Amino acid sequence: MIRLSIVALTLVLAAPLGAQTYAPVTEVQASTPGYFTFARPGERVVTVTTVGLLTATGRFAVGEGTTVTELLALAGGVPSAQASTAIVRVYREGGRAVESSVRELYRGNTPPVPLREGDVVEVVGLTTSAPGYYVHSSPDADPVVVTAAGAVTAPGRFVVDPGTTVADLLALAGGTRTGALDTAVETTTTVRLHRAGSVAFEASLSDTYARPTPALEPGDVVELETVNRRRSSFTWRDGLSLVTTGLAILIAVDRLQ
């Protein structure tokens with residue numbers, strides 16, 4: 001009887017050791033920081049990379065057949081503040097294979113896209129995916145990459161839609177970077193469009209906003225130059241003040257006589 005009890009207990013304890021265990025897909029498994037595994041033992045996997053506006057970015061080993069939408073869920077999803085405007089891009093074999101808004105993917109309005117070995121999945125918002133790099137392009141557009149430099153609030157590289165003008169880019173870059181107003185300082189702001197080694201457009205900031213400006217081309221640089229000049233220490237207002245003071249003194253003297 002004792003022997004049977006020992007054998008039965010041994011079988012109970014040994015059973016879990018031989019069984020295969022599967023991690024639930026809601027559980028992130030990391031062997032090293034930034035490396036995540038979502039695959040059952042013995043399952044064929046593909047290794048992909050996630051970057052940008054995702055809760056978890058890094059290398060993902062996922063089961064073969066996993067789609068882009070499923071990968072976004074495994075990576076923790078897109079922050080809710082960006083979900084309505086974020087764009088997903090899949091880079092494959094040196095080119096861009098897929099581009100769609102997160103909203104369209106979640107709604108199922110685009111065909112499922114199975115991941116392949118080596119894919120890079122990038123999620124970008126309408127502001128920035130990296131410091132100094134700003135994305136303002138629509139999912140279906142062929143974007144233009146330009147640079148805003150100088151006295152703009154947010155200088156850097158901008159990915160914009162075709163047809164974006166010089167004035168549009170200044171607005172996207174936050175306009176001029178101004179400090180406290182000083183009445184003793186006169187500020188002149190000039191806008192220049194540098195294209196292919198020459199200045200293709202130049203105007204004051206007020207003229208730039210008041211008239212149509214050229215559409216941007218790939219590689220363009222829009223520069224905002226601000227020059228501060230201290231006003232003359234003696235102006236006509238100062239002269240008028242001296243004359244008024246002198247007349248007041250003459251009237252006072254004349255009354256005393």
Side-chain angles (χ1 to χ4, degrees), residues 7-143 145 157 159:
V7 171
L9 180 61
T10 302
L11 290 174
V12 170
L13 293 176
L17 299 177
Q20 286 188 331
T21 57
Y22 300 99
V25 294
T26 56
E27 186 177 304
V28 176
Q29 307 171 63
S31 55
T32 58
Y35 194 95
F36 308 95
T37 301
F38 289 97
R40 293 181 173 86
E43 183 180 14
R44 292 172 61 93
V45 300
V46 293
T47 303
V48 298
T49 302
T50 62
V51 295
L53 292 173
L54 285 168
T55 303
T57 57
R59 300 281 282 175
F60 279 75
V62 296
E64 193 175 49
T66 300
T67 65
V68 172
T69 306
E70 291 169 341
L71 178 66
L72 296 183
L74 296 176
V78 180
S80 57
Q82 299 283 347
S84 62
T85 56
I87 297 168
V88 180
R89 297 187 176 114
V90 179
Y91 298 91
R92 178 176 293 166
E93 298 175 354
R96 187 181 298 171
V98 177
E99 181 169 353
S100 174
S101 68
V102 172
R103 179 183 296 175
E104 294 299 310
L105 283 177
Y106 285 165
R107 286 177 176 174
N109 294 338
T110 58
V113 181
L115 295 166
R116 296 182 185 176
E117 179 70 26
D119 281 354
V120 176
V121 178
E122 178 189 30
V123 179
V124 295
L126 288 181
T127 51
T128 178
S129 55
Y133 193 91
Y134 306 91
V135 178
H136 292 271
S137 65
S138 304
D140 299 329
D142 186 14
V145 181
R157 300 281 280 176
V159 180

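Quick caveat, the model's predicted, so the values are computed rather than measured.
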Rounded to the nearest 0.5 Å, how far does [atom2] of [Y] lie from [atom1] of [X]?
X: Leu71; Y: Phe60; atom1: CG; atom2: CZ; value: 6.0 Å
X: Thr49; Y: Asp119; atom1: OG1; atom2: CG; value: 9.0 Å
X: Leu53; Y: Ile87; atom1: CG; atom2: CD1; value: 10.5 Å

What heavy-atom pair brings [X] and [Y] nearest, and what distance separates the two atoms?
X: Gly77; Y: Tyr106; value: CA-OH, 4.2 Å
X: Val123; Y: Ala86; value: CG1-CB, 4.0 Å
X: Pro143; Y: Val159; value: CB-CG1, 3.3 Å

Residue list, side-chain hydrogen bond (donor to acceptor under 3.5 Å, both in side chains) with [X], at least two apart or on another chain:
X: Glu64; answer: Arg44
X: Arg157; answer: Thr147
X: Thr47; answer: none

Look at the side chain of Thr57 and the backbone N and O of Leu54, then say whether any donor-acceptor pair between them is shorter than 3.5 Å.
no
Among all residues two or more places apart in sequence or in another chain, which pass the side-chain contact (heavy atoms from CB on, under 4.5 Å) test with [X]?
X: Arg107; result: Arg103, Glu104, Asn109
X: Val45; result: Ala39
X: Val113; result: Val68, Arg92, Val98
X: Thr55; result: none

Quick one: salt bridge (charged side-chain N to carboxylate O under 4.0 Å, His left out) pairs with a partner in residues 67-80, sequence neighbours left out?
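Of all non-adjacent pairs touching residues 67-80, none passes salt bridge (charged side-chain N to carboxylate O under 4.0 Å, His left out).
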Within a radius of less than 6.0 Å around CD of Glu93, do more than 12 heavy atoms belonging to other residues, nucleotides or ligands occur?
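No, the 6.0 Å shell around CD holds no more than 12 heavy atoms from other groups.
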Side chain to side chain contact (heavy atoms under 4.5 Å, CB included) between Arg116 and Val46, intermediate numbers included:
CA-CA 6 Å; Arg116 296 182 185 176; Val46 293; 5.8 Å; no
